[in-house]
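Step one of this worksheet: look at the structure below.
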Amino acid sequence: MHRSRAKLMSRLFIIVISLFVFQQAKAQTPSWAKKATKSVFTLKTFAKDGTLIGSSTGFFVTDDGEAVSCFTPFRGASRAVVIDSQDKEMEVTYMLGANDTYDVAKFRVDTKKSQPLAIAGNAAEGDHLWMLPYREVKNCPEATVRRAETFRDDYAYYTLSAAMPNAESVGCPLMTANGDVAGLMQQPAGMRDTLTYAVSAAFAASLKLNGLSINDATLKSTDIPKDLPDDLEQANLTLYLASASMDSLSYDNLIETFLRKFPAAPDGYYYRAQRSLVANNFAAAARDMETAIDKSSKKDETHFNYAQMIYQKELYKSDIPYEPWSLDKAFSEAGEACRINEQPIYRQLQAQILFAQKKYSDAIQIYNTLVGGELRSAQLFFEASRCHEMLRDTTAQLAMLDSAVATFSRPYLKEAAPYLYMRAQARLNAGRFRDAVNDMNDYETLMPSGLTDRFYYIRFQAEVGGRLFQQALNDIDRAVNLRPDYDLYYAEKASLQVRVGLYDDAIVTSKECIRQAPDYSDGYLFLGLAQCAKGQKAEGIANLKKAKELGDEQADALIEKYSK
């Protein structure tokens, strides 16, 4: 009996010792933990007023400061820092990507050197993984992959059979037995939940910006600065979109970010030169454009951009002198672009510069070489027509405008509208009244919602010249309705009413003109004419005399005529 009890006690002792050894082995710190913990940090984010918004764990994924964590703490934040295992605090400088669905963010930390974790491939169901909390080298809870769901073809979302040790473990790396990082721990449904979740670390590390990221709703929800895409073309797209959506200071900072990221690219210097141009800092703009030319691999394009910049300054800011710049300088820069790579658009700019210099004949010579080439367009013909207009060559002017309209075919699209309008005005000035009316009618069809009182007044003038009196009366009524306080329209209406014998209507219109502008002679002139035509000579002559007193030179002859 004693011998059996002793044997049983010996077995129990062996079992207890074995369990103790097993538990000790299981609790041992993984061999990779001490080194890996140098990659893990605490993230803290702050509002504009300095108050703490949130915190999370995160880890480095590159050796130059790129890191990942949860995105939630960044929402509404204006500043963020990370604190590594040695208590060193470092600023978060730029957001590099974010995904709200999986609550992950990628960002850059201000450090010259960081120790990254190696990214593992996707773990499989049943694999054993370890959580690596911030500075908890001796406590790396083990978890089993209960489910690994694939998303976006390449990445896994893990459900783990383990509880989250504490709230600070959210965002910590989920490690493989080899010490590589397989996942980033997610916020559990509740801290007492026996299941936890992680998103693929490879997915978090893959986040990157593109040209459209500037409009990404998730990234816009944080005020932490966003970096530019690594691809130059995409970065240029970002700058283009930002120019219309960012405030001036933020846009200037973005340009500086571009110059930091792409110091050898000419684009950043050109963007900054444009900003200097807006600020009237022409010397700074000139310096940046010279640098852009020096760095450019397509020097013809940069010379052309420089020529455009100088041309725009001389066109719209000529009252602010800057001696090194002139239209001659702009012409020379465009010429240099042509010398390097002859392009029609470079020659067109030269023609535009010559027009601004009032060298119309020289400009026409260039336009004549362009209108038959690949750049043939309505705008080109219109620019040529302006040169002929300045030289008072109406025939050539109209020929160019005909060619401009001929680049479109019926039924016209809205793109043809401005050229129809400009040809209508030229035809009106040339006395081709009914042709002008036809162009105005086509314009009206294309632009029904953008018609102004001036449009109806111009067409009224063409209709009067073409003896289309009823249409003219309709249009002057439209002009009056759109601008009922403009006395000229009443005078023009009364004049036409007298001309077509609508004397009673002319009297009403003239009185309204006088009511609106009692010192305007035309109201009295047409009132007097209408009254005299109706046989009311006394009243009519009195109003004609009033028109004479107000300076109307026609009144004398009319007074003499109706006084007989």
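Throughout, numbering of the chain's residues begins at 1 and tracks the sequence.
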Just checking, is any N or O donor in the side chain of Asn215 or Lys220 under 3.5 Å from an acceptor N or O on the other one?
-> no
Strictly by modelled atom types, are Asp247 and Ser250 linked by a side-chain donor-acceptor pair under 3.5 Å?
-> yes
What orientation do Tyr346 and Phe304 show, parallel under 30°, tilted 30 to 60°, or perpendicular over 60°?
-> tilted
Derivation of the ring-ring contact (aromatic ring centres under 6.0 Å, His included) call for Phe331 and Tyr311 | CA-CA 8 Å; Phe331 189 86; Tyr311 170 60; over 10 Å; no
Taking 4.0 angstrom as the limit, do Lys106 and Glu66 come out as a salt bridge?
-> yes
Please examine the side chains of Phe455 and Met447, heavy atoms only from C-beta on, and report whether any two atoms are closer than 4.5 Å.
-> no
Could you check whether the rings of Tyr443 and Tyr421 sit parallel, tilted or perpendicular, using 30° and 60° as the cut-offs?
-> tilted
Under 3.5 Å, is there a donor-acceptor pair between the Ser56 and Ser69 side chains?
-> yes
Geometric class of the Trp325/Tyr322 ring pair [parallel <30°, tilted 30-60°, perpendicular >60°] = perpendicular
Going by an N to O cut-off under 4.0 Å, is there a salt bridge joining Glu336 and Lys299?
-> no
Does some side-chain heavy atom of Val81 sit less than 4.5 Å from a side-chain heavy atom of Val92?
-> no
Taking only Lys NZ, Arg NE, NH1 and NH2, and the carboxylate oxygens of Asp or Glu, determine whether Arg272 and Glu256 approach each other closer than 4.0 Å.
-> yes
Please walk me through it: do Asp288 and Tyr270 pass side chain to side chain contact (heavy atoms under 4.5 Å, CB included)?
-> CA-CA 7 Å; Asp288 274 335; Tyr270 174 63; over 6 Å; no
Might you work through the side chain to side chain contact (heavy atoms under 4.5 Å, CB included) test for Arg152 and Phe203, ending with a clear yes or no?
-> CA-CA 9 Å; Arg152 297 194 181 183; Phe203 171 67; 3.6 Å; yes
Residue pair Lys329, Glu314: steps toward the salt bridge (Lys or Arg N to Asp or Glu O under 4.0 Å) verdict = CA-CA 10 Å; Lys329 169 73 170 172; Glu314 292 301 302; over 6 Å; no
Please find out if less than 6.0 Å separates the ring center of Phe258 from that of Phe262.
-> yes
Below 4.5 Å, heavy atoms only, C-beta onward: do Leu129 and Met175 meet side chain to side chain?
-> no
Between Phe41 and Tyr134, does the ring centre distance come in under 6.0 Å?
-> no
Could you check Asp63 against Ser114 for side-chain hydrogen bond (donor to acceptor under 3.5 Å, both in side chains), going step by step and ending with a plain yes or no?
-> CA-CA 5 Å; Asp63 61 6; Ser114 55; 5.9 Å; no
Go through the steps for Asp252 and Arg275 under the test salt bridge (Lys or Arg N to Asp or Glu O under 4.0 Å), then give the verdict.
-> CA-CA 8 Å; Asp252 287 342; Arg275 298 294 298 165; 2.8 Å; yes
Report yes if some heavy atom in the side chain of Asp180 is under 4.5 Å from a heavy atom in the side chain of Leu117; otherwise report no.
-> no
Would you say the side chains of Thr62 and Asp64 form a donor-acceptor pair under 3.5 Å?
-> yes
Is Arg260 salt-bridged to Asp227, cutoff N-O under 4.0 Å?
-> yes
Taking the six-membered ring for Trp, are Tyr157 and Phe151 parallel (under 30°), tilted (30 to 60°) or perpendicular (over 60°)?
-> perpendicular
Side chain to side chain contact (heavy atoms under 4.5 Å, CB included) assessment of Ile366 paired with Leu354 | CA-CA 10 Å; Ile366 296 179; Leu354 290 170; 3.6 Å; yes
Taken to the nearest 0.5 Å, the spacing of Asn281 CG from Ser276 OG works out to 5.0 Å
Ignoring hydrogens and angles, state whether a donor on the side chain of Asp49 or Thr51 is under 3.5 Å from an acceptor on the partner side chain.
-> yes
Which class fits the ring pair Phe74 and Phe107: parallel under 30°, tilted 30 to 60°, perpendicular over 60°?
-> tilted
With the side chain counted from C-beta on, respond yes when Leu184 and Val68 share a heavy-atom pair under 4.5 Å apart, and no when they do not.
-> yes
Note: Asp100-Arg75 ion pair, threshold 4.0 Å (strictly below) = yes
The reported gap from CD in Gln187 to SG in Cys70 (rounded to nearest 0.5 angstrom) is 7.5 Å
From the options Leu209, Leu96, Ile214, select the one residue that forms a side-chain contact (heavy atoms from CB on, under 4.5 Å) with Pro229.
-> Leu209
Do you see a donor-acceptor pair shorter than 3.5 Å between the side chains of Asp110 and Thr93?
-> no
Would you tell me whether Asp84 and Gln86 have side-chain atoms, one donor and one acceptor, within less than 3.5 Å of each other?
-> no
Side-chain H-bond candidate by donor/acceptor type, Gln348 with Glu383, under 3.5 Å = yes
Spacing of CG belonging to Leu254 relative to CG belonging to Leu249, to within rounding of 0.5 Å | 11.5 Å
Steps toward side chain to side chain contact (heavy atoms under 4.5 Å, CB included) verdict (Thr222, Thr45) = CA-CA 10 Å; Thr222 178; Thr45 62; over 6 Å; no
Atom pair OG1 (Thr150) and CG (Asn122), whose distance is rounded to the nearest 0.5 Å = 6.5 Å
Under the criterion side chain to side chain donor-acceptor pair (under 3.5 Å), which of Glu333, Lys298, Arg339 is the partner of His303?
-> Glu333
Student check: side-chain heavy atoms of Met131 and Cys172 closer than 4.5 Å = yes
If we only count heavy atoms from C-beta on, is the Val371 to Phe381 side-chain gap below 4.5 Å?
-> yes
